[in-house]
Trainee: 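Encoded as structure tokens, here's the structure I'll be asking about.
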Amino acid sequence: MEELRQKYLERLSELYPSIATVSAEIINLQSILNLPKGTEHFLTDIHGEYEAFNHVLKNGSGSVKRKIEDVFGNTMTSKDKQTLATLIYYPKEKMEEIKQNETNMEDWYRVTLYRLLEVSRNSSKKYTRSKVRKALPEEFSYVLEELIMTKTDAPEKAYYYDSIIETIIGIGVAEEFIVVLSELIQRLIVDHLHIVGDIYDRGPGPHLIMDKLMEYHSVDIQWGNHDVLWMGAAAGQECCIANVIRICARYGNLDILEDGYGINLLPLANFAWKMYADDPCECFQLKGQVEERPQEKELNMRMHKAISIIQFKLEGKCSEEYPEYGFAKRNFLDKINYDEGTVEIEGQIYQMLDMNFPTIDKEHPYDLSDEEAEIVERLVFAFTNCEKLQKHIRFLLNKGSLYKIYNANLLYHGCIPLTEDGQLKEVEIYGKKFKGRALYDELETYVRKGFFAVDPVKRKMGRDLMWYIWQNENSPLFGKDKMATFERYFVAEKETHKERKNPYYRYLENREVIERIMNDFGLSGENSHIINGHVPVKKKDGENPIKCGGKVLVIDGGFSRAYQGETGIAGYTLIYNSYGMILAAHEPFESMDAAIKKEKDIHSDSVVVRRVMARKTVGDMDEGGALRERISDLVELLKAYRSGRIKERL
């Protein structure tokens, strides 16, 4: 052990070759421990709503406005503060609008640059000079560093500062500086972003959200069931592919696949148009506010039905291959009485709303027709060979996980499967039983095997388990007894549509159960919280997202437009800064155009969830623990230099 330690210190000495360099680094790291903690921003259940997501990202759930208020207080009018905030969100677009009405742009540039620099300077206070420098755009880094770091209280420094501003305006680069300062403020306002699941499905822009996240400076992602569905599709899992296409069709978002990812749906379209030519497909109406020409809508509904039938067939076959998944009870094509037009569900007979099934063989209802089989084969090839989709999914794998423990908070998308009496439920995965954290770890291992396993059998098991995670009653990402897809399409009786939630949701106010969950993940104490989404909180019905005295925060409030009528708001987001936690309930986002021209921000009602007595520092966080370990190693290296055990590399 001593020999290994000596080798480690020798390797460390290559980075810090002298007493002076070690000492300087210890001083640097020790000072970082005393800086205020960076702001964390939590979003969940974005569901493809790119414009609203982009705006919330730009305004930091109100953090930009709070910073402007901190800096200027009563020295600016509310109107000027809102204009400045809008400029920070959309600098290029807002300047174009301002130039149409402003008569003296030089004066406007001058005032605006000074204001933006004040906000930038205030925003950078909680970071080291080195970290701020890394955030600066390379082309203007030296000048920006001088402007942000210069103290202007001395007359000669004030003159130096003013001369830089005048030069920027004089040589015609004021607009470029305004853009980079605005983007710098957005970058400094939020130190780290958490996406607590469900980027995909329902809304029209998940691919745009993924592009945005790939550019973001610091982010982690906890996979939601919709994300894992798309991951399974990208891995070539046939049931996942069919589900992805069906959901896109249902919400009128096939453009995501065709235009966003370049996946060819023409074979499916031709097949659907031919096979369901005289079928009104009334059971396959589109959800949400979809504006399409009548012929496009007809085609979409036919494609919707065609892929749904293909999905039910594929799932029937897959459930036969994996009886341990328990999906056989969810197969209904063999329970339809094709002569009487009825179906048996849980021992009850129901009238079918649609009996036009030209591709179903009554004797072998789960067999694909030759045309369907060819379509599925082509779709698998398209999904697995789509470069952009594969790049996005690799990013999800690299930055994502099923859960994350970060600064003593436990983040996951759905639920911890529980028994009826609130105990951790044992779930069998390929012959072995797991519960709580161990279940999450096992499922995540198989997700990664679905992409990276060398053994083709293990790879297939991992790929197919993503379908299980998508909709199994024991999946922590789903958390309901069934996904009533078939019933919602074909049966009118509402009792068949009901999806019963896992007991977890009944125990969200039970401190004993919540502490048992947190202990299983190695967490305890008043500073630890569970933060999750998945099931929308119905604010309009009086439901509170703050559960169990603040130990649990359910921050799905309906980012997706499809849920906003149900929840009464347009999503919750959470901010965790050095002063505590702030939960924001957002009203619907009108549009980017309204945000720029009318300066209509997303109105948010903010609630302080937790305020700390003493301002939190980096030393109180996970990063602080890692820095203290580093400092301890460096102190040991310093002693080794001074004792002569290791020679300085001078």
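All values reported here derive from a predicted model rather than from experimental measurement.
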Trainee: Which pair of non-hydrogen atoms, one from H41 and one from S61, has the smallest distance, and what is that distance?
Mentor: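 Nearest heavy atoms, H41 then S61: NE2-OG, 2.6 Å.
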
Trainee: Would you confirm whether S475, through its side chain, and I469, through its main-chain N or O, come within 3.5 Å as a donor-acceptor pair?
Mentor: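 Yes; judged by distance alone, with no hydrogens or angles, the pair exists.
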
Trainee: Does a salt bridge link R187 with E183, judged by any charged N lying under 4.0 Å from a carboxylate O?
Mentor: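 Answer for the salt bridge query: no.
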
Trainee: Rounded to the nearest 0.5 Å, what separates atom CG in L439 from atom NZ in K425?
Mentor: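 Reported value, rounded in 0.5 Å steps: 10.5 Å.
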
Trainee: Identify the two heavy atoms, one from Q237 and one from C240, that lie closest to each other, and give their separation to 0.1 Å.
Mentor: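 Minimum heavy-atom separation between Q237 and C240: OE1-N, 2.9 Å.
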
Trainee: Please report the interatomic distance CG(L410) to CD1(I416), rounded to the nearest 0.5 Å.
Mentor: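 If we round to the nearest 0.5 Å, L410:CG and I416:CD1 are 6.5 Å apart.
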
Trainee: Aromatic contact between Y446 and Y430, with the criterion being ring centroids under 6.0 Å apart: yes or no?
Mentor: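 Yes: the rings meet the under 6.0 Å criterion.
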
Trainee: Counting C-beta onward and ignoring hydrogens, is there a side-chain heavy-atom pair between I88 and L181 closer than 4.5 Å?
Mentor: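 No, their side chains stay 4.5 Å or more apart.
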
Trainee: Looking only at heavy atoms, which two atoms of Y200 and P206 are closest? And how far apart?
Mentor: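 Closest heavy-atom pair between Y200 and P206: CD2-CB, 3.5 Å.
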
Trainee: Can a donor-acceptor pair be found between the side chains of Y322 and D464 at a distance below 3.5 Å?
Mentor: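 Yes, side-chain donor-acceptor contact under 3.5 Å.
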
Trainee: Decide yes or no on side chain to side chain donor-acceptor pair (under 3.5 Å) for D220 and H192, but give the supporting numbers first.
Mentor: CA-CA 8 Å; D220 61 62; H192 188 78; 2.6 Å; yes

Trainee: Salt bridge between R448 and E444, side-chain N to carboxylate O under 4.0 Å?
Mentor: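 Result for this pair is yes, salt bridge flagged.
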
Trainee: So, for F42 and H194, is the gap between ring centers shorter than 6.0 Å?
Mentor: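 Aromatic pair counts; centres sit under 6.0 Å.
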
Trainee: Does the E648 side chain pair with the main chain of Y641, one donor and one acceptor, at a distance under 3.5 Å?
Mentor: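 Side chain of E648 to backbone of Y641, a donor-acceptor pair under 3.5 Å: no, none is there.
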
Trainee: Can you confirm whether more than 12 heavy atoms, excluding those of E3, are under 6.0 Å from its CD atom?
Mentor: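 No - once you tally the heavy atoms of other residues, nucleotides and ligands closer than 6.0 Å, there are 12 at most.
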
Trainee: Looking at E69 and R66, is there a salt bridge between them, counting it only when a charged N and a carboxylate O are closer than 4.0 Å?
Mentor: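 No, no charged N to carboxylate O under 4.0 Å.
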
Trainee: Would a distance-only check, ignoring hydrogens and angles, find a side-chain to backbone donor-acceptor pair under 3.5 Å from N54 to Y50?
Mentor: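 No; zero donor-acceptor contacts below 3.5 Å.
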
Trainee: More than 12 foreign heavy atoms under 6.0 Å from NZ of K388: is that the case here?
Mentor: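 For K388, atom NZ is crowded (more than 12 foreign heavy atoms under 6.0 Å).
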
Trainee: With L43, which of I195, V196, I555 fulfils side chain to side chain contact (heavy atoms under 4.5 Å, CB included)?
Mentor: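 Only one of I195, V196, I555 forms a side chain to side chain contact (heavy atoms under 4.5 Å, CB included) with L43, namely I195.
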
Trainee: At what distance, to the nearest 0.5 angstrom, does CG of L508 lie from CG of N532?
Mentor: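 If I round to the nearest 0.5 Å, the distance is 7.0 Å.
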
Trainee: Quick check on the 6.0 Å ring-centre criterion: do F521 and Y403 meet it?
Mentor: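 They qualify: ring centres under 6.0 Å apart.
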
Trainee: Between F140 and F177, is the ring centre distance below 6.0 Å?
Mentor: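 Yes, they do, as the ring centres are separated by less than 6.0 Å.
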
Trainee: To the nearest 0.5 angstrom, please state how far the CG atom of N225 sits from the NE2 atom of H413.
Mentor: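 The distance works out to 5.0 Å.
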
Trainee: May I ask you to decide whether K37 forms a salt bridge with D191, counting only side-chain N to carboxylate O separations under 4.0 Å?
Mentor: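 The answer is no: the pair does not qualify as a salt bridge.
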
Trainee: Evaluate S130 against R133 for side chain to side chain donor-acceptor pair (under 3.5 Å), listing each step before the verdict.
Mentor: CA-CA 5 Å; S130 172; R133 188 181 296 122; 4.6 Å; no

Trainee: Angle between ring planes, W230 versus F383, binned at 30° and 60°: parallel, tilted or perpendicular?
Mentor: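 Rings of W230 and F383: tilted, as their planes differ by 30° to 60°.
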
Trainee: Are the aromatic rings of H392 and H207 close, with centres under 6.0 Å apart?
Mentor: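 Not under 6.0 Å, so no.
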
Trainee: May I ask you to say whether R5 pairs ionically with E636, meaning some side-chain N is under 4.0 Å from a carboxylate O?
Mentor: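 Yes, R5 and E636 are salt-bridged.
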
Trainee: Could you check whether any side-chain N or O of D520 sits under 3.5 Å from a backbone N or O of R437, counting only pairs where one atom can act as donor and the other as acceptor?
Mentor: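 It does hold such a pair.
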
